[in-house]
Amino acid sequence: MQNRNVIITGANSGIGKAATLKFATEGYNIIMACRDIEFSRIVQKEIIEISKNKDVYLMQVDMSSFNSIRTFCSEYKRKFDKVDILIHNAAYFNHGEKYQLSPDHIELTFATNVFGPYLMTTLLLDHLKKSDDPRILHAGSNIIKHFFDLKTKIIFDNLQGKFKDSKHHSVYKMYCQSKMALLMLTFKMADMFKDDGIKVNALQINGAKMSKRMIKKVKPWWRPIAWIQNIFIPPTSYMATNYFEICTSDTFQHVTGKLFNDKLEIMQVAPNEYSGFFKQVKRVLGSSVYPTYANKKDVMDQLWELSTELTTHSIHST
């Protein structure tokens, strides 16, 4: 696999680190796209030593900053001739934090989890087309289960600072909305890129073990929840293996526009009608269906137009 180039954002910890090790061990060329370059160098060295693969490269990028993404993509194109696999794993989820804006004056959760991946994918589109089997994977979350409540929706009005002083801001809610938005982008991109042979899928993650370093970043009252959650969540290598299978297996070579659960089963959209309390609970606790909201074409189109509008300058500048 010496000629297969894999970009993994957020590759220095958690599932991203485990996935980097998995791909490196299998002989792929890995590009670790990380924000904290000093810490990432330590991780890079560790992965090279364990995998015995010297083709593990480190490049700096802040997924919340359009300028940083633009610089990353320009440098990548100078160093590499194509992109075979692009895994959008990085995410902002510092629960308990106040409303924050990205360098481009966009709510930080959406800037990192939605508009950043959109921009990077768009800027690397020509390099993806050069691959003989290009695949994109979005790291989703089962937090979208909140959209089984038909009152839940993406609040677009809160993405550019209009309500930044609101006491009701919640990173948890914004994270939930951003992961639904990323799933909708998955479906939209799959349709837009199908003629180019680019497969775009998402994996629903049922939580990820947080390292001590990550737990220290969240507010103190969230830390006990993170410690308890860690007890019940599978090791990061479990989801990392799923990343690898979706992005390399012949089984999924022609699969696009799908959401996978942790068993690598393709999830289906839930029936639109309300089917009673117990069946609704089964939907929330299960992993076979996803909320109908994800297929709302008007919201999907609005999200796509907003993504294009907010990133247009960055696209044209690269």
Side-chain angles (χ1 to χ4, degrees), residues 6-26 28 30-36 39-40 42-44 46-48 50-51 53 56 58-59 61-64 85-95 109 112-114 116-117 120-121 135-145 175-176 178-179 182-183 186 200-218 222 225-249 252 258-265 267 287:
V6 184
I7 299 175
I8 303 177
T9 65
N12 61 9
S13 64
I15 298 173
K17 177 182 176 181
T20 301
L21 178 58
K22 174 65 177 177
F23 278 94
T25 301
E26 296 291 339
Y28 287 76
I30 313 300
I31 296 84
M32 299 173 60
C34 304
R35 182 169 56 88
D36 186 339
F39 174 75
S40 300
I42 299 173
V43 177
Q44 177 193 24
E46 176 187 344
I47 290 174
I48 290 174
I50 296 174
S51 68
N53 182 352
V56 179
L58 176 61
M59 295 179 63
V61 66
D62 179 350
M63 290 303 293
S64 74
I85 297 170
L86 174 57
I87 300 177
H88 288 297
N89 168 79
Y92 174 79
F93 54 90
N94 287 10
H95 301 318
T109 318
T112 308
N113 302 355
V114 183
M120 179 178 283
T121 299
R135 305 192 199 188
I136 299 172
L137 180 64
H138 292 155
S141 170
N142 67 347
I143 198 172
I144 65 169
K145 64 187 178 183
Y175 183 75
C176 174
S178 73
K179 285 301 180 179
L182 187 62
L183 177 58
T186 302
V200 190
N201 294 294
L203 173 64
Q204 180 163 293
I205 298 172
N206 303 327
K209 282 187 182 294
M210 295 178 66
S211 65
K212 293 180 180 179
R213 178 172 172 268
M214 289 299 296
I215 291 176
K216 286 180 179 179
K217 292 183 178 182
V218 301
W222 277 97
I225 298 174
W227 285 116
I228 294 172
Q229 178 178 275
N230 276 357
I231 297 173
F232 301 98
I233 292 176
T236 53
S237 58
Y238 176 68
M239 280 298 177
T241 299
N242 285 344
Y243 279 21
F244 184 80
E245 289 299 317
I246 294 172
C247 293
T248 66
S249 173
F252 307 120
K258 303 298 181 182
L259 173 63
F260 291 86
N261 63 21
D262 67 302
K263 299 180 182 65
L264 293 185
E265 299 166 338
M267 300 175 66
S287 59

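Everything numeric here is computed off the predicted structure, so don't read it as measured data.
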[atom2] on [Y] to [atom1] on [X], rounded to 0.5 Å:
X      : Y      : atom1 : atom2 : answer
Asn242 : Ser237 : CG    : OG    : 10.0 Å
Ile144 : Met267 : CD1   : CE    : 6.0 Å
Ile246 : Lys258 : CD1   : NZ    : 13.5 Å
Ile205 : Lys179 : CD1   : NZ    : 6.5 Å
Arg135 : Asn201 : CZ    : CG    : 9.0 Å
Cys247 : Ile87  : SG    : CD1   : 4.0 Å

List the atom of [X], the atom of [Y], and the distance in Å for their closest heavy-atom pair.
X      : Y      : answer
Ala19  : Ile8   : C-CD1, 4.0 Å
Val43  : Met32  : CG1-CE, 4.0 Å
Pro117 : Leu182 : CB-CD1, 4.4 Å
Asn53  : Ala24  : ND2-O, 2.9 Å
Ala18  : Thr236 : CB-OG1, 3.6 Å
Val200 : Thr186 : O-CG2, 3.7 Å

_Leu137 and Leu203, any side-chain heavy atoms less than 4.5 Å apart_ =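 Yes, their side chains come closer than 4.5 Å.
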
*State, yes or no, whether a side-chain contact exists between Tyr175 and Ser141 at a heavy-atom distance under 4.5 Å.*
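Yes. Closest side-chain heavy atoms under 4.5 Å.
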
Do side-chain atoms of [X] reach the backbone of [Y] as a donor and acceptor pair under 3.5 angstrom?
X      : Y      : answer
Asn89  : Thr9   : yes
Asn113 : Ser178 : no
Tyr243 : Phe23  : no
Ser40  : Asn12  : no

*Does the side-chain contact (heavy atoms from CB on, under 4.5 Å) test come out yes or no for Cys34 and Leu58, once each step is laid out?*
CA-CA 7 Å; Cys34 304; Leu58 176 61; 4.2 Å; yes

*Evaluate side-chain contact (heavy atoms from CB on, under 4.5 Å) for Thr248 paired with Tyr28, printing each intermediate quantity in order.*
CA-CA 11 Å; Thr248 66; Tyr28 287 76; 3.3 Å; yes

